[in-house]
Amino acid sequence: MKCVRIHRHGGLESLLLEEIDPPRIAPDEVLINVKATSINHLDLWVRQGIPGVKFPLPIIPGVDAAGVVAEKGEAVRHVAVGDRIVVAQGISCGHCRHCLNGNDNLCREYKLIGEHCDGADAEYLAVPSRNVIRLSEKISFETAAASTLVFLTAWQMIVEKAVVKPGDDVLVVGGSSGVGTAGIQIAKLFGARVIATTSTDQKAARLKELGADETINYRRQSVLEEVRRLTAKRGVDVVFDHVGKAVWDENIRSLAKGGALVTCGATSGYQAVTDLRYVFYKQIRILGSTMGRKGDLLTILDCLERGTLKPVIDHVLPLSDVREAHRIVEAGEHVGKVVLIL
Ligand SMILES: [Zn+2]
């Protein structure tokens, strides 16, 4: 099968197009003929490497997958060969306390395809049957592959962690990224007023089309001053962040009393400094979040089918253009998602 593999961490040249044998499946696994995948910031970490983190090399990257069932193990009942499916990318043990409570993403054995084992940048992908979800005819493979990671991540941040309510002011930092565009839509769905930060006026216009009520161009405006102006000095109820270090202090100071900062990443660096005076005086909550519960993916798929959520797809490229896809995401030239099709 055709696939993309990383043998050693580095720049775009580390992404190699190779021909290897397709994976074999166990009795409770499904072999998927991948039709679409998409690039996430995680793919850049997997390619570049993270100090202190060991990835199983060589690895096939790709965390989102939609496709067709090519083969199923004898114990698999809920899908048939030929079914259109989407993959829930988080694999957990299935029998620990967290798994049994439905919080599979808190499982100690939790791992992601494309990070801890081979992923979706390949013609075929093998996953446990409980990670395979039937896909409605109304949802394209591209839409599904552009949605799973970012909407699941943003859903947990907004719905489960920050518990956004109608009337809340939510600051979405880095609104034009995949997870940012998902965050804007979910915060709107739950009745918030959304203020989104981004780097250009062109991107800001697209975020407004997506539902952002206000935008801040962080290259030429002070985010803190704009937040104060837009909230009559009160601050926002929720800051939704995945940027980290570069914006951390601003995030903390942008919060209203009793507000919550929810973070799922640190693309600009992870060793941020927190002025604790703001934390206790304003009684703010700092909430960490990674991925989301598998069950919430079913709700997200319902929203995609009904059109209440819709991924922003900026580019659709063939798998062979994986280097260009990584380049676009790394340069931040996109709004939303870059999808690869097979
Ligand atoms: Zn578990």
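Whatever order the structure lists them in is the order used to number ligands and atoms, beginning at 1. Bear in mind the structure is a predicted one, so any value in this text is a computation, not a measurement.
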- Query: Got a sec: is C96 within less than 2.8 Å of the Zn ion (ligand 1) via an N/O/S atom?
  - Reply: yes
- Got a sec: is H98 within less than 2.8 Å of the Zn ion (ligand 1) via an N/O/S atom? no
- Message: Quick one about N40 and K337 (side-chain donor to acceptor, distance below 3.5 Å, no hydrogens or angles considered), yes or no?
- Response: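 There is such a pair between these side chains.
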- Message: Side chains of D64 and T148: any donor to acceptor distance under 3.5 Å?
- Response: yes
- Centroid-to-centroid, H9 to F55, below 6.0 Å?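 Aromatic pair counts; centres sit under 6.0 Å.
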- Taken to the nearest 0.5 Å, the spacing of S289 OG from D241 CG works out to 12.0 Å
- Note on the structure: Taking the Zn ion (ligand 1) as the apex, SG on C99 and SG on C107 give an angle, to 10°, of 110°
